[in-house]
Amino acid sequence: MTLTLDKLKIGSSAVIKTVGGQGALRLRLLDMGLIPRTEVTMRKIAPMGDPIEINVRGYELTLRIEDAMNIEIEPIEEGGDGR
């Protein structure tokens, strides 16, 4: 199952696997620092669910759900020390 950025829970972190989209949209996402192997953390979700706010590369970025659906992620497991 493919997990996309719009499905990340508040306070959870993930690593970007791929950035989809076509043409200008994909370039805009990459220009904002959303590139593969970058860690992101979900900060806020608007009351109606759109937009979302994430932390990426040390800054807060607000994205529309429609754009976040183009970013495939791999969640970072909480407490990954084997306990």
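Excluded from the calculations below are hydrogen atoms, water molecules and symmetry mates; all remaining heavy atoms, backbone and side chain alike, are included.
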What pair of heavy atoms forms the shortest contact from [X] to [Y], and how long is it?
| X | Y | result |
| --- | --- | --- |
| Pro75 | Ala14 | CA-CB, 3.8 Å |
| Lys17 | Pro36 | O-CB, 3.5 Å |
| Gly21 | Asn70 | N-OD1, 3.8 Å |
| Val19 | Ile35 | CG2-CA, 4.4 Å |

* To do: Using the test side chain to side chain donor-acceptor pair (under 3.5 Å), find all partners of Arg43 that sit at least two apart in sequence or belong to another chain.
  =>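 Not a single residue meets the side chain to side chain donor-acceptor pair (under 3.5 Å) criterion with Arg43.
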
How long is the span from the [atom1] atom in [X] to the [atom2] atom in [Y], to the nearest 0.5 Å?
| X | Y | atom1 | atom2 | answer |
| --- | --- | --- | --- | --- |
| Glu74 | Ile16 | CD | CD1 | 12.0 Å |
| Met42 | Ile52 | CE | CD1 | 4.0 Å |
| Leu3 | Ile73 | CG | CD1 | 4.0 Å |

* **Those residues that, when tested against Thr18, pass side chain to side chain contact (heavy atoms under 4.5 Å, CB included) (two or more places apart)** => Glu72

* Quick check: are there more than 12 heavy atoms from other residues, nucleotides or ligands sitting under 6.0 Å from CD of Glu66? -> no

* Asked: How about Met32: does its CE atom have over 12 heavy atoms from other parts shown lying under 6.0 Å from it?
  ->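 Yes, enclosed.
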
* To do: Would you check, one step at a time, whether the test side chain to side chain contact (heavy atoms under 4.5 Å, CB included) holds for Ile71 with Leu63?
  => CA-CA 11 Å; Ile71 302 167; Leu63 281 179; 4.2 Å; yes

* Asked: Taking Asp50 for the side chain and Ile65 for the main chain, is one N or O donor matched with an acceptor at less than 3.5 Å?
  -> yes

* To do: Could you pull out all residues at least two apart from Arg57 that satisfy salt bridge (Lys or Arg N to Asp or Glu O under 4.0 Å)?
  =>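 With sequence neighbours excluded, Arg57 shows a salt bridge (Lys or Arg N to Asp or Glu O under 4.0 Å) to no residue whatsoever.
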
* Asked: Hey, mind stepping through Leu8 and Ile54 against side chain to side chain contact (heavy atoms under 4.5 Å, CB included) and telling me if it holds?
  -> CA-CA 10 Å; Leu8 196 61; Ile54 60 171; 5.9 Å; no

* To do: Measure the shortest side-chain to side-chain distance between Thr41 and Ile76 over non-hydrogen atoms and say whether it is less than 4.5 angstrom.
  =>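 They are not in side-chain contact.
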
* Is it the case that one hydrophobic cluster holds both Leu27 and Leu25, taking links as side-chain heavy atoms less than 4.5 Å apart, direct or via other members? ->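 Cluster IDs for Leu27 and Leu25 differ.
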
